[in-house]
There are 2 protein chains.
Amino acid sequence: MPATKEGDRVNFPSYPHEVLAVVLSVRDGRLCVLLWKRARSPHRDRWALPGGGVESTERFREAITGHLAAKVDVRDVAHLEQLATHSRVDRDPRARVLATGYLGLVPSDVEPDLPSDTAWHPVEELPRTAFDHHHFIEAATGRLRAKLSYTNIGFALAPLEFTIAELRDLFGAALGYQPGATNLTRVLTRRHVIDPTDRRASSGQSGGRPATVYKFVTRELTVTDPFAVLRPPR
Amino acid sequence: MPATKEGDRVNFPSYPHEVLAVVLSVRDGRLCVLLWKRARSPHRDRWALPGGGVESTERFREAITGHLAAKVDVRDVAHLEQLATHSRVDRDPRARVLATGYLGLVPSDVEPDLPSDTAWHPVEELPRTAFDHHHFIEAATGRLRAKLSYTNIGFALAPLEFTIAELRDLFGAALGYQPGATNLTRVLTRRHVIDPTDRRASSGQSGGRPATVYKFVTRELTVTDPFAVLRPPR
DNA sequence: GAGGTTTTCGCTCCAGAGGCGATAACTAGG
DNA sequence: CCTAGTTATCGCCTCTGGAGCGAAAACCTC
């Protein structure tokens with residue numbers, strides 16, 4: 001850090017800064033978050049979010065990716081975005097630690113093998129979590145639910161290819177209610193979020209008409225007509 | 001900071017952390033941002049956002065309020081919310097400084113008296129700004145525009161009482177296009193964002209029918225039917 | 001090929017955004 | 001007091017897009 005003149009130095013107070021990842025995925029029909037069990041004090045034996053400090057040459061995104069790698073194959077994380085930064089003085093009993101949350105999403109069909117201290121937990125029946133981590137989890141689920149309805153973020157929860165029934169169940173788990181399959185199809189196709197392929201799924205266990213296989217048009221986050229109201233003139 | 005046992009210490013790297021406020025307001029029919037001119041190096045004579053470091057007992061909100069007080073009467077800031085946190089290593093040439101942005105809004109009718117180094121600048125014709133501050137300004141205007149259409153955030157840009165014409169001009173300045181007065185009224189009243197009072201404005205300079213005086217139902221941020229799509233069953 | 005199952009399509013309905021012209025409600029000037 | 005000018009507001013229409021339901025399609029098994 002070149003400090004040329006005396007008056008040029010930054011003399012703002014410094015704080016340890018951590019990044020925390022709320023990795024969400026639909027497991028077994030339920031929206032789950034990836035947690036690991038702390039082996040050491042403080043908050044020993046409580047479940048915590050993956051995360052940790054930020055190295056001096058790292059940006060947040062690299063830092064969170066690095067910490068995440070200890071718990072899960074980061075190539076399985078299809079989407080990652082920043083949440084809010086918390087500044088509560090006592091969120092960590094040991095020292096004042098600032099924390100920036102991240103939302104990560106893993107498609108429902110990938111099955112990363114996890115370390116023995118790590119597991120998926122349904123967000124509807126969370127165990128006691130360490131520190132203030134539940135705040136981050138709430139923020140993350142809220143963000144996911146909001147974005148499901150005005151972005152294509154579903155791509156990060158769904159397999160590369162899927163049927164409408166599967167997608168409806170995914171949305172159902174993530175949103176907390178089941179959208180109608182008819183409407184879901186119409187809405188997402190009209191917005192060019194998903195596209196039918198020319199193949200059909202082999203009709204499952206109990207017979208029935210084979211479903212069309214769909215895929216997301218793009219697997220990068222796009223906002224679809226974000227503000228349906230107070231539109232600009234055309 | 002009580003560090004009980006050796007292993008209990010947090011040994012994450014620490015960084016200076018600053019908070020920056022993007023204070024927006026409609027001045028003279030244009031959306032403006034509050035900037036002050038740096039007198040010292042680095043980036044001397046460039047325009048910068050209000051802000052600064054975070055004291056050890058402060059939370060971000062208190063910190064930003066404190067720094068803001070040096071430039072403007074904070075009671076005039078009707079709304080304040082956090083934006084993203086930037087972690088670029090070289091955003092400040094002197095040292096690595098993490099920065100959390102805030103969006104602040106000042107109603108168009110309050111005229112805070114500003115220090116001589118501080119002034120409003122239209123966001124459409126910004127001067128060269130210091131550091132990476134233009135990124136924060138872009139994020140702030142984007143957030144404001146988005147929220148204008150699905151929240152009641154307009155209360156923080158408008159006077160306590162106003163006519164529809166005034167409100168239309170405010171929205172026009174903030175959004176970059178003029179919504180139709182008819183539609184604006186219908187949308188905002190149907191959503192119970194604004195309410196007519198029983199008084200009328202004295203018809204201005206050039207005659208004409210006196211306009212009904214409206215006011216915002218509440219002056220706290222509320223989200224109005226955030227997700228107009230993929231609704232839950234009723 | 002009959003009966004069961006699941007998907008998909010067509011039809012309708014409805015809420016809410018958006019536009020435009022007619023009318024209301026004032027001022028100013030004669 | 002009447003008229004012209006100006007601005008606000010309301011009523012009526014359209015249009016987009018979400019939501020529901022039942023019939024038909026497409027498969028399976030027996």
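As the structure is a prediction and not an experimental result, all values here were calculated from the model. Chain letters run A, B, ... following the sequence lines, proteins first, then strands; residues in each count from 1.
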With under 30° as parallel and over 60° as perpendicular, where do the rings of B:F136 and B:H133 fit, or are they tilted in between? perpendicular
According to the interplanar angle, ranging from 0 to 90°, do the rings of B:F216 and B:F162 count as parallel (below 30°), tilted (30 to 60°) or perpendicular (above 60°)? tilted
Any chance you could lay out the side-chain contact (heavy atoms from CB on, under 4.5 Å) test for B:E125 and B:R30, step after step, and finish with the verdict? CA-CA 10 Å; B:E125 38 187 88; B:R30 305 207 288 176; 3.2 Å; yes
Rounded to whole Å, how long is the line connecting atom [atom1] of [X] with atom [atom2] of [N]?
X: B:L167; N: D:dA8; atom1: CG; atom2: P; value: 13 Å
X: B:R168; N: D:dT9; atom1: CZ; atom2: C1'; value: 13 Å
X: A:H192; N: D:dT16; atom1: NE2; atom2: P; value: 14 Å
X: B:L148; N: C:dA17; atom1: CG; atom2: P; value: 15 Å
X: A:I164; N: D:dA19; atom1: CD1; atom2: P; value: 15 Å
X: A:Q178; N: D:dA19; atom1: CD; atom2: P; value: 14 Å
X: A:F171; N: D:dA19; atom1: CZ; atom2: C1'; value: 16 Å
X: B:R209; N: C:dA25; atom1: CZ; atom2: P; value: 5 Å

For B:E220 and B:N152, does a side-chain donor sit closer than 3.5 Å to a side-chain acceptor? no
Whether the A:R27 and A:S25 side chains hold a donor-acceptor pair (N or O, under 3.5 Å, no angle test) is what I'd like checked. yes
Looking at B:T212, I'd like to know whether one of its side-chain N or O atoms comes within less than 4.0 Å of OP1 or OP2 on D:dT9. yes
Please tell me if A:R191 has a side-chain N or O lying less than 4.0 Å from either OP1 or OP2 of D:dG18. yes
Tell me what A:R190 touches on the nucleic acid: a base, only sugar-phosphate, or nothing, going by heavy atoms under 4.0 Å. base
Nearest to the B:N183 side chain among D:dC27, C:dG18, C:dA25, which nucleotide is it? C:dG18
Of the candidate nucleotides C:dG10, D:dA25, D:dA8, which contains the atom at the shortest distance from the side chain of A:T182? C:dG10
If you find the nucleotide of DNA chain D closest to B:A165 and the one closest to B:R186, which residue's nucleotide is nearer the 5' end? B:A165
